[in-house]
Structures are given as structure tokens and as C-alpha cells.
Amino acid sequence: MASEQTLDPVTFEVLKNSFITSVDQMGEQILRTCYSFVIYNHDFSSGLHDANGECAAQGNQDIAVHVGTLHFTCKDVMRAFEGDMHEGDVFAINDPYAGGTHFSDVRLVRPIFSEGKIIAFSQSNGHWSDVGGSVPGSFDVSAKDMFREGLRITPVRLFDKGVFRKDVANLIASNTRDPASIIGDIQSQAEATAVCEREILRLVGKYGRDTVETGLSEVQDYVERAVRQRIAALPDGEWETVDFIDRDPSGGEGMIPIRIKMTIKGDKAIYDFTGSHPVIGTIYNSAFGTTFSAVAAGMKTFFPDLPLNSGFYRAFEIIAPEGSIVDAKWPVAVTGFLMPFEKIMNSIYEMWSQLMPERALACAFNLEYLLTGGRDARSDDKPIFMFYDWLPGGWGGRNGKDGANVTTACFGTGMMAQPVEGQERANPILTTECEILRDTAGPGKWRGGVGVRKTSLMLAAEDTVISYICDRECAIVWGIEGGLPSSPHGLTLKRAGAEHTERLGTIFSDVKIGEGDVFSRPTAGGGGFGDPLDRDPAHVLEDVIDDYVSIERAAKDYGVVIRAIDPELCDYALDSAATEALRAEIRQKRVAWARTDPEGVAAQFRRGEIDALDAIRQHAVILDWGTGELLPESTRQFRETFERRSVANWAAV
């Protein structure tokens with residue numbers, strides 16, 4: 001239990017906010033000096049730790065995925081160099097098995113000394129665009145162990161008493177596809193940790209070492225007390241849910257379950273993952289550190305006003321079965337940990353939405369990574385290029401408000417959507433389309449946010465391959481409280497000169513592409529909140545005017561009949577009588593629709609009588625969206641959750 005505060009309130013508040021500001025200053029330093037376009041677009045985080053390695057502050061710019069992992073890697077560095085740390089030292093680590101995320105997230109840790117004593121640590125984490133491995137971007141979905149994923153950096157000294165160890169840095173950088181950028185990012189991150197060091201020593205000069213050390217401890221105690229008090233005010237009980245990874249590429253058909261039971265007991269939350277699937281034969285596994293991070297980030301969403309530090313982590317406990325998809329051990333592949341990560345976060349949202357209905361929200365879209373690499377033939381020397389892209393999408397509908405449109409994923413809140421102008425300058429890839437995608441929002445009384453579609457044309461390049469890291473092609477983004485799902489993910493490719501487009505789906509690596517090839521992918525919207533037949537028809541009309549919802553889906557999903565008068569002038573009319581009749585008809589039929597024979601639904605899809613959204617939203621059927629083949633086990637699993645989250649909440653006729 002946290003101890004009582006001893007600092008006077010004014011000094012405490014000044015130090016609490018100064019610690020956060022010191023971390024924010026690290027972020028500003030990185031933005032202005034980093035070499036990697038990925039880091040520049042906010043795929044980074046920073047942390048300030050006390051002398052025990054516990055996190056005392058994170059910044060306002062830090063992305064959600066790194067919440068709850070930085071203290072693990074700080075402590076691992078401390079163990080590795082116990083008794084052998086000096087002023088000016090900086091250490092590197094990227095080891096996911098020591099509490100990190102994946103090999104691309106490389107952390108630099110600096111001990112901060114005052115009067116010869118370590119009083120704190122500053123840490124800078126940046127996602128390097130490549131850390132070696134078998135494919136450009138270091139995301140090989142066929143990898144079953146870490147040896148194809150890239151360079152594993154256990155704690156190593158990069159600066160020795162202020163002297164840059166070029167030999168070690170060059171060894172690391174030379175095992176990547178972009179060594180010049182890696183050396184630049186090392187220098188940028190190291191200087192960021194020095195910025196934090198200067199700020200902490202300034203505070204020491206003003207308030208004294210003992211006061212600053214006390215502040216580093218008491219800010220954690222403050223957060224712990226606040227979280228425990230709020231949990232204690234909630235009813236004790238148990239809540240359970242399940243979400244899924246689409247598939248195990250090395251196994252049979254069927255989605256991969258991640259099960260969570262949350263127990264509130266007194267002033268503590270316990271998360272039990274017993275029953276979750278064993279590790280799978282791809283990179284979509286999570287080591288314990290990232291499972292811990294997903295729980296912390298998901299739970300923190302419901303305490304937005306509190307600072308983030310290790311005090312928050314003391315208020316919950318995690319039970320993760322060893323060898324499961326949420327506690328993968330070396331050397332299991334974990335680079336694609338973001339897929340189970342987001343399933344855990346959204347599951348936390350669902351359970352806490354029942355505890356705090358005023359903050360309730362449905363499922364958000366899943367982050368996707370597109371990685372294309374080769375040699376840029378626009379230049380005579382044909383340098384290696386690395387196109388590493390992600391897209392925004394829709395967040396879930398909320399209690400009383402629609403979901404956020406075109407927003408970065410919950411996995412990486414704080415990341416930016418990358419500007420295509422910068423991408424086109426650095427890579428031989430032309431963006432031909434990037435627009436909001438109609439009908440992607442999950443229908444509900446409060447609809448989900450809408451997603452986007454981006455289409456790209458491959459220009460002059462050689463030896464180019466493409467990889468795609470994504471999910472939610474089968475485990476479609478779901479609604480709650482009667483809301484409906486959104487839409488499936490999946491990349492399509494049209495070869496130069498080809499008549500037809502091929503669907504590559506959501507999980508593939510090392511596919512050769514050439515000049516003139518066109519690839520396109522959508523992002524899903526968020527899930528709907530509440531019965532879509534309870535949505536105000538005027539809001540549906542506004543969605544049609546805004547081109548978020550088509551006239552056809554307004555009728556099918558919301559039972560709202562709208563006539564187009566002059567679409568070019570956004571002139572539409574609502575037919576209230578027809579809407580009332582259609583809604584009554586849907587209420588009578590929709591439960592039976594959701595239990596229709598899946599084989600018949602698949603046959604209708606193959607004949608072109610229904611589309612993918614009909615199959616998902618009306619019939620809760622999961623298909624191979626390229627061939628129309630029924631996926632029976634995935635459908636069974638999807639229907640179980642659809643019945644619980646949607647059908648069970650529809651008012652009886």
C-alpha cells in the first residue's frame with residue numbers, strides 16, 4: 001500500500017508536473033533530430049524512472065503500446081550492469097523477453113547521477129524501421145521463432161562515460177537495412193535521455209537531491225492511492241470476455257481465442273488469461289511485458305485524468321499461463337504482438353464499459369502495417385528503400401456519442417497518419433487514393449467511426465517485396481449493447497497488365513511486386529454501440545449526406561429509408577413512414593437472419609446476391625472473402641460472440 005505524502009502540496013505538484021515535462025522534452029528532442037520517418041511520425045515513447053527502475057513519469061506524446069513496458073527494460077539493464085554504471089553511460093536494449101515489445105522498439109537507458117549516486121534513469125524508446133531479419137521491415141509472418149525476426153539486443157553499453165562506442169553501434173547498425181538512419185537515431189535517442197538528465201539535475205539544484213528523490217517516489221504513491229480508491233468504490237465481482245486472432249497460418253481453420261476474466265476485489269483488479277490459446281506458428285504472439293502493457297493501456301483509458309507511472313501498475317495483477325499466446329517465451333516469434341495486444345485492449349474496454357457505462361465504448365479497428373522494401377531505381381546508385389506504412393481507422397461507438405472517425409489505432413494512440421508527400425519523396429511508391437471509406441462504421445444507436453482506403457502504385461524499383469501485418473479479417477471489429485460489426489480488413493493486389501485483382505488478405509510476407517503493380521487496403525470502422533434501429537433517423541440522414549453511410553446500408557443496417565433528390569447537392573429526403581414500416585419488419589426478422597444456415601449464406605455470397613457486409617451484419621457468417629468459401633469454425637466462434645454482444649441486447653418484438 002502506498003505511503004502518505006510528506007512533501008508539501010505545492011512542491012509535490014511542481015515536481016509531479018516537472019517530471020512529466022522532462023519526458024515531454026525528450027519527445028520534442030526526438031522529433032527534431034531523429035532520422036527514421038517512422039519515429040518522426042510519433043512511433044516513440046520516453047520514460048523517467050526512479051533509482052529502482054520504477055516508472056515515475058511518462059509523457060503526453062507517448063504511444064499506448066509502450067505503456068507498462070519501460071520499467072521492465074530499465075530493470076533488465078540495471079541487473080545486467082549492477083555495480084558497473086557511470087556518469088555518461090547509455091545502454092541499449094530491445095529484448096521482448098525481458099519485458100519489451102518487439103525487436104523494432106529499441107530503448108536507450110541513461111543513469112542519472114547526483115553527487116556520485118544514481119537517483120533516476122531516463123529512457124528513450126523508438127521504433128526503428130528495420131532491425132534485420134528475413135524481410136524488409138523485420139515483420140516475417142512465416143517466422144515461428146525469433147531467429148528470422150531481426151537483431152535481439154540484450155543490454156549493451158553504447159556510451160561509456162560519455163564516449164560513443166562506435167564499434168558497438170556499427171555492429172548493431174550493420175545488421176539492419178538502413179545503417180545510416182540507425183546511427184542517427186541512436187544519437188537522437190541518446191541526446192533525448194541527456195535532455196531529461198539536465199532537467200532532473202536542474203530540479204536537484206533548485207530543491208535538493210532528497211526532495212527530488214522523494215518526489216519520484218511520492219508521485220507513484222499518489223497515483224496508486226487514487227486508482228485504488230476508485231476501484232474500491234466499484235462493486236466487487238467478475239466479468240469475462242473473449243476476443244480472437246483471425247487464424248494460425250500453421251494450423252487449421254478457426255480463430256485463436258484470448259480469454260480474460262477480470263475480478264474486482266476490494267481496491268484491486270485481477271486479470272486472468274487462463275484458457276487463452278497456446279502460442280501459434282507465426283509472429284502474432286505476445287510476451288508477458290506486452291500483455292502487461294495492453295492491460296495497463298486498456299485500463300488507463302478509464303482513468304484519463306491521472307498521470308501514468310508505476311503506481312498505476314500496483315493496482316492490478318495479471319495471471320498469464322506460461323506458453324500461451326499472452327506469455328510467449330524465448331525463442332517464440334513475437335514481432336507481431338500488436339495483434340493480441342489490441343484484442344486485450346478492446347476486451348478491457350468491453351469489461352470496464354460494464355463497470356463504468358458512462359465511459360463505455362465498443363471495439364476499435366485493428367492497426368495494420370504495410371512494409372515494402374527493395375532498391376529505388378529512381379536513383380542511379382539504387383539505394384535500399386523501406387516503405388513502412390500504417391493507416392488510421394474508426395474507433396467504437398460510445399455511450400451517447402459516435403465513435404471517432406479516421407483516428408490512429410488504440411494500440412498507438414499518439415501516432416500520426418503519415419503524410420503521403422514525405423512517403424513519396426523517400427520511396428518509389430505513388431499514392432493514388434486515400435479517402436474515407438463509406439459503410440465501414442459499425443452500425444449502432446451510436447455508430448462507430450469510419451475507416452479509410454489507401455491505394456498505391458509501385459514505381460521504378462528492383463528486387464521489391466511486400467509484407468502485410470494485419471488482422472480482423474475473420475474476427476471482425478464488433479459492436480456492443482446490440483451494436484453491429486464493422487467490416488473486414490484485407491489487402492488486394494493488381495499486377496501490371498492483369499485483368500483481375502487478387503486478394504492477399506491480412507497476413508503475408510515477402511511477396512514479390514514490380515513496377516506498375518497496384519495494391520490497396522481498407523481499414524475497418526469501429527463497432528456500433530446500442531441497437532442501430534434506435535438511432536435517430538435524422539442522424540442516419542446526416543451520415544448519408546456526409547457520405548459515411550450509403551442509402552442502401554441506411555436501409556439494411558438502420559431501417560431508415562432515404563431518397564436521393566440531387567446527390568451532387570447533397571440533397572436527400574427522409575421517408576418517415578417507410579422507415580417506421582421497415583424497422584418493424586427488421587425487428588421481426590433479424591434474429592432469424594442471424595441464425596440462418598451458414599452454407600446457404602455462403603452460396604448467396606458466391607452468387608452475388610449478398611455482399612460481405614450482409615454476411616457479417618445480418619447473418620454473422622465468416623467467409624473467405626476472396627473465394628466465398630464458408631469458414632465453419634470461425635463462423636461458429638463469431639456467432640457465439642455476436643449472440644452475446646448484439647442479439648441478446650435487441651428488444652423483443
Side-chain angles (χ1 to χ4, degrees), residues 63-65 67-68 239-246 255-262 269 271 273 276-277 284 286 290-302 304 318 325-326 336-357 359-368 392-399 403-404 407-413 440-442 444 446-449 451 470-481 483-489 506 523-530 616 637-638 640-642 644-646:
I63 66 174
V65 65
V67 167
W239 295 262
E240 296 185 58
T241 192
V242 61
D243 206 348
F244 299 93
I245 303 294
D246 281 347
M255 299 189 292
I256 308 302
I258 298 175
R259 302 186 184 279
I260 312 178
K261 179 173 73 173
M262 179 179 73
Y271 300 89
F273 288 84
S276 295
H277 198 279
Y284 290 6
S286 175
T290 48
T291 295
F292 184 95
S293 174
V295 170
M299 185 173 162
K300 178 64 172 67
T301 304
F302 290 81
I318 293 175
I325 194 172
V326 295
F337 78 93
L338 59 151
M339 302 310 163
F341 186 101
E342 289 200 344
K343 308 308 183 298
I344 296 169
M345 277 195 76
N346 281 290
S347 295
I348 301 294
Y349 292 167
E350 182 182 18
M351 292 185 292
W352 276 90
S353 290
Q354 297 172 59
L355 275 166
M356 294 184 175
R359 292 192 179 276
L361 73 163
C363 184
F365 88 105
N366 205 103
L367 182 67
E368 44 87 70
W395 280 53
R398 294 163 283 181
N399 188 357
T407 303
T408 51
C410 60
F411 164 91
T413 305
T440 50
W446 305 103
R447 64 160 174 79
C470 192
D471 207 60
R472 298 280 190 201
E473 188 174 21
C474 299
I476 311 297
V477 173
W478 34 266
I480 61 173
E481 302 293 330
L484 293 178
S486 62
S487 54
H489 282 148
T506 55
T523 59
F529 182 97
I616 294 164
Q637 295 167 308
F638 185 73
E640 284 184 359
T641 57
F642 187 83
R644 174 171 60 84
R645 291 177 174 132
S646 299

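Note that the structure is a prediction, hence the values are computed from the model and not measured.
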So, using salt bridge (charged side-chain N to carboxylate O under 4.0 Å, His left out) as the criterion, who are the partners of D471 when residues are at least two apart?
K343
Sequence neighbours left out, what passes salt bridge (charged side-chain N to carboxylate O under 4.0 Å, His left out) with E640? Give chain and number order.
R636
Set of side-chain hydrogen bond (donor to acceptor under 3.5 Å, both in side chains) partners for S286, sequence neighbours left out
T290, T291
What residues form a side-chain hydrogen bond (donor to acceptor under 3.5 Å, both in side chains) with W478, not counting sequence neighbours?
D243
With sequence neighbours excluded, tell me which residues meet side-chain contact (heavy atoms from CB on, under 4.5 Å) with [X].
{"X": "A409", "answer": "E342, F365, L367, F411"}
{"X": "S487", "answer": "T440, A524, L613"}
{"X": "E481", "answer": "F529, N649"}
{"X": "R644", "answer": "T241, V242, E350, T641"}

For the backbone of P488 and the side chain of E473, can you confirm whether one donor and one acceptor N or O come within less than 3.5 Å of each other?
no
In short, P304 meets R359 closest at the heavy-atom pair CG-NH1, 3.6 Å
With side-chain contact (heavy atoms from CB on, under 4.5 Å) as the test, would you mind laying out the steps for M299 and Y271 before giving the verdict?
CA-CA 11 Å; M299 185 173 162; Y271 300 89; 3.1 Å; yes
Is there side-chain contact between M351 and I260, with at least one heavy-atom pair below 4.5 Å?
yes
Heavy-atom side-chain proximity of T523 to E368 below 4.5 angstrom:
yes
Tell me, please, which residues at least two apart from F642 pass ring pair (Phe, Tyr, Trp, His ring centres under 6.0 Å).
none
